[in-house]
Novice: 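The structure is given below, and queries will be raised subsequently.
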There are 2 protein chains.
Amino acid sequence: MTIGTESLPAAFAALGDDTRWELLQRLGTAPASATTLAAEQPISRQAVARHLEVLREAGLVETEVHGREVRYRAIGSRLSALARDLDTIAQGWERRLQTIKAAAEG
Amino acid sequence: MTIGTESLPAAFAALGDDTRWELLQRLGTAPASATTLAAEQPISRQAVARHLEVLREAGLVETEVHGREVRYRAIGSRLSALARDLDTIAQGWERRLQTIKAAAEG
DNA sequence: TTGATGTGCAACACAATCGTTGCACTAGAA
DNA sequence: TTCTAGTGCAACGATTGTGTTGCACATCAA
């Protein structure tokens, strides 16, 4: 599955914060709750929860309710889809810019 | 070439702005100057120039001086490198989280 | 029930970002 | 030289984002 071009900047904005990136990497090792993550980070639980909400809206993490606990889990397929889209776009750039360069030299 | 994990959030932050994303896509079709790009966008030349500077610092575009004109060009290889890094990370997630899931079920 | 734990929501302060306008400088054209 | 076109730098205002604290609510255990 590919990702709509319109939503790509939104996904990147979610990834473009140091704290969020650390939280994501952490969730890539094992699921955890906001409280657990906050205990491992130098910021408050509410701040962590806000970051997780951003990641969830971007489709990068999903939640799983366990009793009164909400566990967050990283979604690898979403990151893979992002990577695929990026690669496709990059190839398009190369092709067009090479054509222009060749035309300028020819 | 891969990109240092430390600089990944910085690159994504550069990509995570709608205006910058549009500028990048435009530069993916053909090189252009800040003035030219500003004429195609609803924002001032100075605003465009600032965005281009952010993209340049992130390594996503490069400059080429032509007389008194500075032309910007998208760097496809950098975007490809980002895509590769993302895919590698995503695969790592899948592997670890699958292991945990299997252990929980077993 | 009682107490402790995990969340969610709201209000606030602080910093960073994005866009603007204005001015000065430089390089090419007349 | 004189005029025009393209940049760069600085100051300002408005908006957004990140973090905080405080409080209320829900859930599990004793």
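Just so you know, these numbers use all the heavy atoms, side chains as well, and skip hydrogens, waters and symmetry mates. Throughout, a chain's letter reflects where its sequence line sits, starting with A, and its residues are numbered from 1.
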Novice: So which atom in A:Ala83 and which in B:Leu86 form the shortest heavy-atom distance, rounded to 0.1 Å?
Specialist: CB-CB, 3.8 Å
Novice: Rounded to the nearest 0.5 Å, how far does CG of A:Leu79 lie from CD of B:Glu94?
Specialist: 9.5 Å
Novice: Starting at atom CZ of A:Arg56, determine the distance to atom C1' of C:dG8, rounded to an integer number of angstrom.
Specialist: 13 Å
Novice: When clusters are formed by joining ILVMFWY residues with side-chain heavy atoms under 4.5 Å apart, either directly or through shared neighbours, do A:Tyr72 and A:Val54 land in the same one?
Specialist: no
Novice: Roughly how many Å is it from CZ in B:Arg71 to C1' in D:dT7, rounded to a whole number?
Specialist: 15 Å
Novice: CG of B:Leu27 to CG of B:Leu52: how many Å apart, nearest 0.5 Å?
Specialist: 6.5 Å
Novice: Strictly distance-based, threshold 3.5 Å: is any side-chain N or O of B:Arg20 a donor or acceptor partner for the main-chain N or O of B:Ala14?
Specialist: yes
Novice: Between B:Glu69 (CD) and C:dA29 (C1'), how many Å, whole number?
Specialist: 15 Å
Novice: Taking side chain to side chain donor-acceptor pair (under 3.5 Å) as the test, write out the residues that go with A:Glu69, two or more places apart.
Specialist: A:Arg71
Novice: The criterion is side chain to side chain contact (heavy atoms under 4.5 Å, CB included); which residues satisfy it with B:Arg50, sequence neighbours excluded?
Specialist: none
Novice: My understanding is that only residues two or more places apart in sequence, or in another chain, count here; which of them pass side chain to side chain donor-acceptor pair (under 3.5 Å) with B:Asp87?
Specialist: B:Gln91
Novice: Sequence neighbours left out, what passes side chain to side chain donor-acceptor pair (under 3.5 Å) with B:Glu22? Give chain and number order.
Specialist: none
Novice: Does the protein touch nucleotides 17-22 of chain C at the base, only the backbone, or not at all? Give it as B, S and - per nucleotide, heavy atoms under 4.0 Å.
Specialist: -SSBBB
Novice: Between the two ends of the helix from C:dT1-D:dA30 to C:dA30-D:dT1, what is the bend in degrees, rounded to 10 degrees, where each end axis spans five pairs?
Specialist: 30°
Novice: Could you list the residues that satisfy side chain to side chain contact (heavy atoms under 4.5 Å, CB included) with B:Arg56, not counting sequence neighbours?
Specialist: B:Glu53, B:Val61, B:Thr63
Novice: Applying side chain to side chain contact (heavy atoms under 4.5 Å, CB included), can you list everything that pairs with B:Arg95, at least two apart in sequence or on another chain?
Specialist: none
Novice: Under 3.5 Å, which protein N or O atoms sit close to an N or O of nucleotides 25-28 of chain D? Give each pair with its distance.
Specialist:
residue, atom, partner, partner atom, Å
D:dT27, O2, A:Arg68, NH1, 2.5

Novice: Distance check needed: C:dA15 C1' versus A:Asp18 CG, whole Å only.
Specialist: 15 Å
Novice: Rounded to whole Å, please give me the gap between CD in B:Glu64 and C1' in D:dG6.
Specialist: 16 Å
Novice: Which atom pairs, donor and acceptor, lie under 3.5 Å between side-chain atoms of residues 35-44 of chain B and protein residues at least two apart or in another chain?
Specialist:
residue, atom, partner, partner atom, Å
B:Thr36, OG1, B:Ser33, OG, 3.0
B:Glu40, OE1, B:Arg26, NE, 2.8
B:Glu40, OE2, B:Arg26, NE, 3.4
B:Glu40, OE2, B:Arg26, NH2, 3.2
B:Ser44, OG, B:Ala47, N, 3.2

Novice: For DNA chain D, which residues of residues 32-39 of chain A approach it to below 4.0 angstrom with any heavy atom?
Specialist: none
Novice: Taking salt bridge (charged side-chain N to carboxylate O under 4.0 Å, His left out) as the definition, give me every residue that meets it alongside B:Glu57, ordered by chain and number, with sequence neighbours left out.
Specialist: none
